Chemist: 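Would you mind keeping the following structure in view while I ask a few things?
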Amino acid sequence: MIARASQLFLPTLRDDPADAEVASHKLLVRGGFIRQVGAGIWTYMPIGWRVHQKVVQIIREEMNAIGAQEMLAPVLTPAELWQATGRYDLPVVFKLQDRSGRQFVLPMSHEETFAFHGKELQSYKQLPQAWYHFGTKERDEPRPRGGLLRVREFIMKDSYSFDRDEAGLDESFRKHAEAYGRIFERCELEYYEVEAESGEMGGKDSNDFLAPGAGQNYLVRCENGDYAADIEAAHGVPAPATFPDPLDAPEEVETPGMRTIEDVSKFLQVDARATAKAMPVVVDGKIVLALIRGDDRLDEAKLAAVLGQFVRPAHPEEITEAFGASGGSIGPVASPVPVLADEALREGQYVVGANSDDRHLKGVQAGRDYEADFADLRRVKEADACPQCGGQLTIEQAIEIGHIFKLGTFYSVPFEAKFLDEDGTEKPLVMGSYGIGPGRVIAAIVEQHHDEQGIIWPRSVAPYDVHVVALPGVEEQAHEAATTLDAAGLSILLDDRDARAGEKFADADLIGLPYRITVGKKTLEDGAVDLRDRATGNDRRVPIGSLGEAF
RNA sequence: CGGGGCGUAGCGCAGCCUGGUAGCGCAUCCGCUUUGGGAGCGGAAGGUCGCCGGUUCAAAUCCGGCCGCCCCGACCA
């Protein structure tokens with residue numbers, strides 16, 4: 001097909017929009033792909049929607065290839081469905097009422113709705129099933145940002161698998177993971193499948209697909225390529241500490257006014273890595289002392305994974321009341337509250353607060369001088385070693401483009417979505433859920449495929465294959481060239497606007513179709529046109545007669 | 001929800017401090033000249049200055065309230 005730029009709704013902008021920070025946001029707006037309607041609310045304009053449809057079609061083909069069945073569930077959803085699982089109370093869920101006060105939800109995902117339909121599955125003979133749709137999701141995000149990176153309304157491909165048992169779920173999960181890999185490869189995305197936190201979806205195992213680029217997630221990777229994880233789930237091997245000579249028992253020392261690790265380690269001439277810092281937190285109204293190595297940062301997500309969702313730092317008054325000392329001077333020895341220590345502290349002797357202002361203890365050893373539960377609490381740092389091979393870890397921003405969950409029976413039990421198994425017993429369906437946001441995929445592609453001039457679309461998702469630039473005076477010949485390419489099965493954007501060459505070239509670079517053909521008097525004298533590869537910038541002169549075979 | 005910033009023509013901005021006929025660049029429309037990397041000249045159109053209230057002879061400008069948007073944090077697929 002041939003689209004004429006003179007007729008298209010394709011408003012390109014010369015300048016970056018004032019409110020854009022990340023490359024994908026700037027380029028998609030400038031290139032006339034998307035426009036903002038409100039915070040986190042976007043319209044896809046014609047060429048942006050074409051890209052979206054290309055991504056959707058790739059996803060659709062790969063989902064169908066693993067036997068998943070496409071359907072469509074509604075956006076407007078009776079609140080009862082969400083009350084059944086308790087997700088009704090999540091703050092990110094949009095709620096509304098109809099005129100007679102009936103309550104509804106605008107869903108952020110469709111586990112409830114699909115589990116509701118799962119009730120019609122009756123027998124193990126019907127299993128496994130996998131259903132999906134491209135549905136509009138609504139999220140009352142506390143803070144939308146970054147163009148398409150984090151929005152309040154978006155289309156998501158979400159699929160739901162129904163199996164007899166855990167083994168079946170494992171298989172459905174694996175098939176989805178493989179399909180996701182094929183989808184992202186076809187979109188020419190660099191991506192990593194990593195273990196993730198399950199967030200508010202319920203259930204247990206979940207993997208994220210992270211694409212390096214801008215984005216809200218932090219991807220930890222080993223230089224040797226054998227380890228990748230989201231920072232909230234990542235493990236790193238901390239650099240070893242240099243310990244002073246061991247002591248037979250803790251020794252109390254005066255540390256006047258020393259409240260920070262930096263102060264204490266400098267004052268006592270001790271490696272900061274041979275100190276421990278104590279962070280009192282409150283969960284369920286009780287104080288717990290979280291203990292990590294002095295040079296580490298507490299990872300709130302990991303702490304919450306151990307202690308529960310509602311952990312908060314203790315207030316200064318709570319600390320003083322419990323420990324009889326202020327925040328910078330507390331420690332695990334004779335702690336009045338349970339101690340939860342980071343794994344790094346199992347071995348070695350550390351300097352810790354003495355639970356008395358202006359005093360610290362040297363030579364404190366876990367197990368000998370205090371009792372603690374151990375867990376991985378520390379945030380991974382760049383200096384850490386890879387847990388697999390000891391290689392150097394790197395941390396980079398990444399976009400979460402897909403997330404797959406093993407839900408188990410979290411949804412099927414409240415909905416009583418049961419089936420009769422081969423042994424004649426009734427069992428709850430074992431479910432999985434699997435999401436991909438095409439909008440985020442598009443943003444990730446642009447983050448990974450652009451230059452100073454604009455976007456460089458992979459051919460698989462480009463809105464058109466070829467940008468035919470008609471220079472003044474040869475509009476007829478340009479149209480003929482476009483017709484030839486169209487007949488050869490390519491999709492064409494024909495720039496037939498009454499504009500200058502420089503402007504058309506700049507727009508072509510910005511819009512980023514894989515190929516550009518320039519039809520101008522200069523080369524037409526030789527019966528040829530120029531063919532430029534957007535990615536490499538290389539030009540080729542192609543005789544008009546063989547245009548159809550040039551691709 | 002905490003901190004910071006912004007709201008003036010389609011887009012990017014100045015004007016506000018020190019109140020007095022609303023401006024610049026790009027884009028748009030008309031004409032002429034130009035035409036292979038965002039042209040030149042001439043003419044034109046386009047604005048309830050986010051909203052409401054207050055002060056004042058007079059408010060884009062000062063004061064109060066509200067709304068919207070962006071960034072950082074909290075939170076989050």
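Just the heavy atoms: all of them, side chains too, but no hydrogens, waters or symmetry mates, feed the values below. A quick note: this is a predicted structure, and the numbers were derived from the prediction, not measured.
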Chemist: Could you check whether A:G38 gets within reach of a base, just the sugar-phosphate, or nothing at all, counting any heavy atom under 4.0 Å?
Modeler: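 The residue A:G38 makes sugar-phosphate contact but no base contact.
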
Chemist: With a 4.0 Å cutoff (strictly under), does any side-chain N or O of A:Q216 reach OP1 or OP2 of B:C75?
Modeler: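 No.
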
Chemist: Would you say A:R14 places a side-chain N or O within less than 4.0 Å of OP1 or OP2 belonging to B:G38?
Modeler: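 For A:R14, the contact criterion (side-chain N or O under 4.0 Å from OP1 or OP2 of B:G38) is not met.
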
Chemist: Using a cut-off of 4.0 Å on non-hydrogen atoms, how would the nucleic acid contact of A:V151 be classed: base, sugar-phosphate, or nothing?
Modeler: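 A:V151: base contact, heavy atoms under 4.0 Å.
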
Chemist: If only side-chain N and O atoms count, and only distance matters, is there a donor-acceptor pair under 3.5 Å linking A:R145 with A:H25?
Modeler: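 A:R145 and A:H25 do not have a side-chain donor-acceptor pair below 3.5 Å.
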
Chemist: In terms of relative ring orientation, are A:H52 and A:W49 parallel, tilted or perpendicular, with 30° and 60° separating the classes?
Modeler: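 Correct class here is parallel.
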
Chemist: Contact class for A:G520 vs. all strands (heavy atom < 4.0 Å): base, sugar-phosphate, or nothing?
Modeler: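 Since a base atom lies under 4.0 Å of A:G520, the category is base.
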
Chemist: Strictly by Watson-Crick or wobble contacts shorter than 3.5 Å, is anything paired with B:G47, and which nucleotide is it?
Modeler: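 B:G47 is unpaired by these criteria.
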
Chemist: For A:R497 and A:R152, take the nucleotide of RNA chain B holding the closest heavy atom to each; which residue's nucleotide lies nearer the 5' end?
Modeler: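 The residue whose closest nucleotide sits nearer the 5' end is A:R497.
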
Chemist: Can a donor-acceptor pair be found, under 3.5 Å and without considering hydrogens, that links the side chain of A:D230 to the backbone of A:E232?
Modeler: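 Here the side-chain-to-backbone pair exists.
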
Chemist: Which base, if any, makes a Watson-Crick or G-U wobble pair with B:G42, both distances under 3.5 Å?
Modeler: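 B:G42 is paired with B:C30.
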
Chemist: When all nucleic acid strands are considered with a 4.0 Å heavy-atom cut-off, which category describes A:G147: base, sugar-phosphate, or nothing?
Modeler: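 No contact at all - A:G147 keeps every heavy atom at 4.0 Å or more from the nucleic acid.
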
Chemist: Need the pair for B:C17. Rule: Watson-Crick or G-U wobble, both distances under 3.5 Å, any strand; none if unpaired.
Modeler: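 None - no nucleotide pairs with B:C17, as no candidate has both distances under 3.5 Å.
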
Chemist: Should B:C6 form a Watson-Crick or G-U wobble pair with both distances under 3.5 Å, which nucleotide is its partner?
Modeler: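 B:G68 is the nucleotide pairing with B:C6.
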
Chemist: Checking base pairs now: Watson-Crick or wobble, both atom distances under 3.5 Å. What partners B:A58?
Modeler: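 Pairing partner, where one exists within any strand: none, as none qualifies.
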
Chemist: Looking at A:K157, A:R182, A:K54, A:R186, which hits salt bridge (Lys or Arg N to Asp or Glu O under 4.0 Å) with A:E61?
Modeler: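 Considering A:K157, A:R182, A:K54, A:R186, a salt bridge (Lys or Arg N to Asp or Glu O under 4.0 Å) with A:E61 is found only for A:R186.
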
